[in-house]
Amino acid sequence: MRFVLRRLAFYLVAFLVAATFNFLIPRLMPGNPADIMLAQAQGTIPPEAREALMETFGFIDEPLHLQYLKYLGSIFTWDFGLSVKYYPTPVIDLLTRALPWTLFLTGTATVLAYALGTLFGIRAAWRRGGRFDSLVSPLALALQSVPAVVVALTALFVFAVSLNWLPTGYAYDPALEPSLGGPFVKSMLVHAVMPVLSLGLVLVGGYLVTMRNNMIGQLGEDYVHLAEAKGLSDARVRYNYAARNALLPSVTAFAISLGSVFGGSLITEVVFNYPGLGNLLYTGVIARDFPLIQGQLLIMTLAMLTANFAVDIAYVALDPRLRRA
Amino acid sequence: MLGLLKIFLRNRKAAFGLAIVVFYVVVALAAPVLTGHDPNKRVSRPHQPPSVEHVMGTTRMGRDVYTQLVWGTRTSLMVGVLAGLIVTLIGTVVGLTAAYYGGTTDETLNFATNVVLVLPQLPLLLVLAAFLGQVGPLAIAVIIGLTSWAWGARVTRAQALTLKNREFIQASQLIGEPVWRMILVEMLPNLLSIIGFNFIGSVIFTIITQATLEFLGLGDPLSVSWGTMLYNAKNASAITVGAWWEMAAPCAAIVVIGVGLSLLNFGVDEISNPRLRTLGAIGKAMKLQKKLDRERLVEKEA
């Protein structure tokens with residue numbers, strides 16, 4: 001319990017640091033963001049909105065520390081101001097609309113990739129140098145160094161443009177009204193195939209390689225030899241003994257990989273025009289929509305910290321030593 | 001030095017990776033010799049498929065893909081190496097300092113490292129690049145370098161902590177060696193493999209991230225690199241109009257250097273951690289033993 005509380009405190013401080021960066025970045029950069037933005041928006045914003053815009057930024061004639069306090073207050077009330085690109089929609093509405101898509105995409109892809117990578121890693125380590133290992137491990141190694149952009153673009157070219165099997169973009173057929181009915185769900189799933197698989201493909205190599213290496217380390221330990229000598233079945237030694245212990249470092253590796261999950265999903269969403277947070281951030285960045293960018297970065301940080309915290313809790317469940325501490 | 005090279009070449013993965021990396025470095029250095037004209041010069045009609053004259057075809061703007069690719073190699077490798085050096089330098093200094101001094105220094109540095117580690121990096125880079133305006137390759141190298149050191153610092157610290165309790169370090173402490181000597185002469189050489197691993201990993205990461213940022217349109221569109229090639233190809237809808245070569249060339253270049261560098265990295269890992277080797281020789285010996293056993297069994301029965 002103390003471990004969990006300590007981690008929770010850490011994430012709170014980390015979030016505060018991120019929020020401070022978010023506050024400082026536009027203030028340290030050359031030029032006044034509000035003016036750049038107004039120039040970019042070219043007349044879609046009425047001049048009287050300028051004042052309000054400056055205020056949502058906290059660009060008011062006040063000392064910096066008062067601006068900072070006001071900014072912190074706005075985080076806790078979820079008030080990120082109005083979007084410039086989609087004026088006058090509040091940023092928070094755009095974010096809540098995009099969040100489920102990103103959670104769906106990253107969630108499915110990570111679970112698939114982690115399960116598959118771990119199982120294959122166990123198998124490859126068990127028969128090290130065997131046919132399965134010498135086929136799968138170099139492949140995983142190669143996959144690990146293939147950037148998400150390349151995977152997504154290749155998938156787009158092969159399956160959507162050349163073969164015309166799958167739709168080229170978006171999360172569902174825009175002609176359909178969102179509902180829980182059969183045709184809509186089917187269209188949603190068909191549109192999700194390519195983004196999920198290409199994001200999964202980017203991730204699976206890393207999980208496989210980590211698990212294989214951890215597993216090989218465990219297989220050399222005395223307790224594994226003892227289990228074998230006792231005459232336990234192969235499956236029992238493999239999964240209940242070696243794999244269970246090899247899983248611990250792989251969970252840590254999973255937490256570290258969350259950064260690339262979010263990065264990868266950003267790219268995947270942009271390439272497939274998937275209406276998630278990544279794509280929204282990209283639109284915001286291109287349009288220099290600063291309220292949107294700032295709100296976006298906070299939400300992404302929050303999502304990442306929450307995911308990290310979830311991994312910590314999983315770690316406690318897997319490692320009994322932490323429960324006593 | 002020659003001995004080290006021999007060890008490298010004996011490991012198949014490392015040798016193959018090294019060959020790829022050397023090839024890229026040669027291409028980057030010899031760019032002016034390998035190409036006949038400025039990479040941004042219009043030399044042909046737009047979107048010509050690969051032919052004898054233009055081996056990799058031409059872009060929407062009528063530029064030669066091969067020439068752009070060769071010059072792009074120069075930019076991308078340079079950015080990768082520069083950011084890799086920054087990452088390795090910060091990571092090693094932070095990791096070593098934290099491990100050596102311990103106490104409050106360690107706690108502060110370790111805390112900072114962990115915070116940087118849990119921030120979403122690509123979105124942060126995207127935002128930084130957006131606020132800075134369209135940034136050139138050098139600026140990209142610097143911002144990637146300054147934001148990606150946390151992983152290296154963590155690994156270096158962990159390794160240095162295990163070193164600190166070894167006898168030879170304690171002995172040198174007892175004979176009163178100065179701090180700089182302890183860190184630079186006693187500890188650093190024992191961390192070289194992890195520092196090298198960190199460097200190569202950072203180069204891969206930077207090359208991929210630079211291409212990604214530029215693909216998203218945050219780089220300087222006038223510079224020639226693999227990322228801006230992808231960006232221009234995307235803007236020309238190269239995929240939908242069927243001009244696959246404009247996309248394929250930079251994609252292939254990124255994938256191959258990525259594979260080369262990570263082979264090199266895994267080779268280094270295997271050399272310093274023999275357990276990870278695939279047991280080629282031992283496997284063969286065991287097969288032979290089984291065959292012999294079987295033959296003996298047949299003889300006995302006969």
Side-chain angles (χ1 to χ4, degrees), chain A residues 10-11 13-14 17-18 21-22 25-26 28-30 33 128-129 133-134 137-138 141-142 144-150 153-154 156-157 161-162 168 209 213 216-217 220 255-256 258-260 262-264 266-267 270 278 281-282 284-286 288 290 293-294 296-297 300-301 303-305 308, chain B residues 13 111-112 114-133 151 154 204 207-209 211-212 215-218 227 230 233-234 238-240 242 244 247-248 250-252 254-255 257-263 265-266 269 273 275-280 282-283:
Chain A
F10 167 75
Y11 290 124
V13 179
V17 173
F21 268 126
N22 208 6
I25 290 173
L28 292 178
M29 293 298 158
R128 191 161 28 137
D133 184 32
S134 41
S137 300
L141 222 131
Q144 212 184 3
S145 39
V146 178
V149 192
V150 172
L153 285 174
T154 313
L156 186 68
F157 177 70
V161 176
S162 297
T168 51
V209 172
N213 288 0
I216 287 175
I256 293 177
L258 285 171
S260 53
F262 279 90
L266 200 157
I267 300 304
V270 171
L281 177 61
Y282 172 66
V285 164
I286 294 302
R288 299 287 188 268
F290 292 118
I293 295 175
Q294 287 203 304
Q296 179 72 245
L297 202 60
M300 281 198 156
T301 315
M304 186 135 159
L305 295 182
N308 262 295
Chain B
K13 277 183 197 159
F111 178 78
N114 284 334
V115 169
V116 177
L117 217 50
V118 293
L119 297 181
Q121 202 186 3
L122 192 66
L124 198 70
L125 281 173
L126 204 70
V127 171
L128 266 178
F131 277 109
L132 286 170
W151 187 83
R154 186 187 215 173
I204 304 176
I207 289 178
I208 291 178
T209 310
T212 307
F215 168 76
L216 293 174
L218 292 156
L230 284 175
K234 181 186 68 166
I239 283 191
T240 21
W244 53 268
M247 251 344 166
C251 280
I254 298 170
V255 170
I257 184 74
V259 170
L261 283 167
S262 44
L263 278 176
N265 231 353
F266 279 83
D269 208 17
N273 182 3
R275 261 190 189 175
L276 293 176
R277 284 179 212 165
T278 36
L279 296 182
I282 298 181

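Scope of the values below: all heavy atoms of this structure, side chains included, with no hydrogens, waters or symmetry mates. Proteins get letters first, then strands, A, B, ... in listed order; numbering begins at 1 in each.
- If you tally non-hydrogen atom pairs under 4.5 Å between each of B:A252, B:A211, B:G258, B:G260 and chain A, the highest count goes to B:G258.
- Side-chain atoms of A:N308 come within 3.5 Å of backbone atoms of A:M304 as a donor-acceptor pair (strictly under, hydrogens ignored).
- In terms of heavy-atom pairs under 4.5 angstrom with chain B, the leader among A:V17, A:L266, A:V146 is A:L266.
- By the 4.5 Å heavy-atom criterion applied to side chains, B:L263 and B:V259 are counted as neighbours.
- Atom CG of B:L126 sits about 11.5 Å away from atom OG1 of B:T209, to the nearest 0.5 Å.
- The choice from A:G278, A:S137, A:A14 that makes the most heavy-atom pairs within less than 4.5 Å of chain B is A:A14.
- Looking only at heavy-atom pairs under 4.5 Å with chain A, the residue among B:L117, B:V127, B:N265 that has the most is B:V127.
- Atoms CG and CG, from B:L216 and B:L125 in turn, are 11.0 Å apart once rounded to the nearest 0.5 Å.
- Across every non-hydrogen atom of A:F10 and B:N114, the tightest pair is CZ-CB, 3.4 Å.
- For A:L153, the parts sitting under 4.5 Å from any heavy atom of chain B are the backbone and the side chain alike.
- Using a 4.5 Å cut-off between heavy atoms, B:I257 makes no contact with chain A at all.
- Here CZ of A:F262 is found 12.0 Å from CG of A:L281. Values are rounded to the nearest 0.5 Å.
- Only the side chain of B:L218 comes within contact range of chain A, judged by heavy atoms closer than 4.5 Å.
- Heavy-atom pairs under 4.5 Å with chain A peak, among B:I207, B:V118, B:L230, B:T212, at B:V118.
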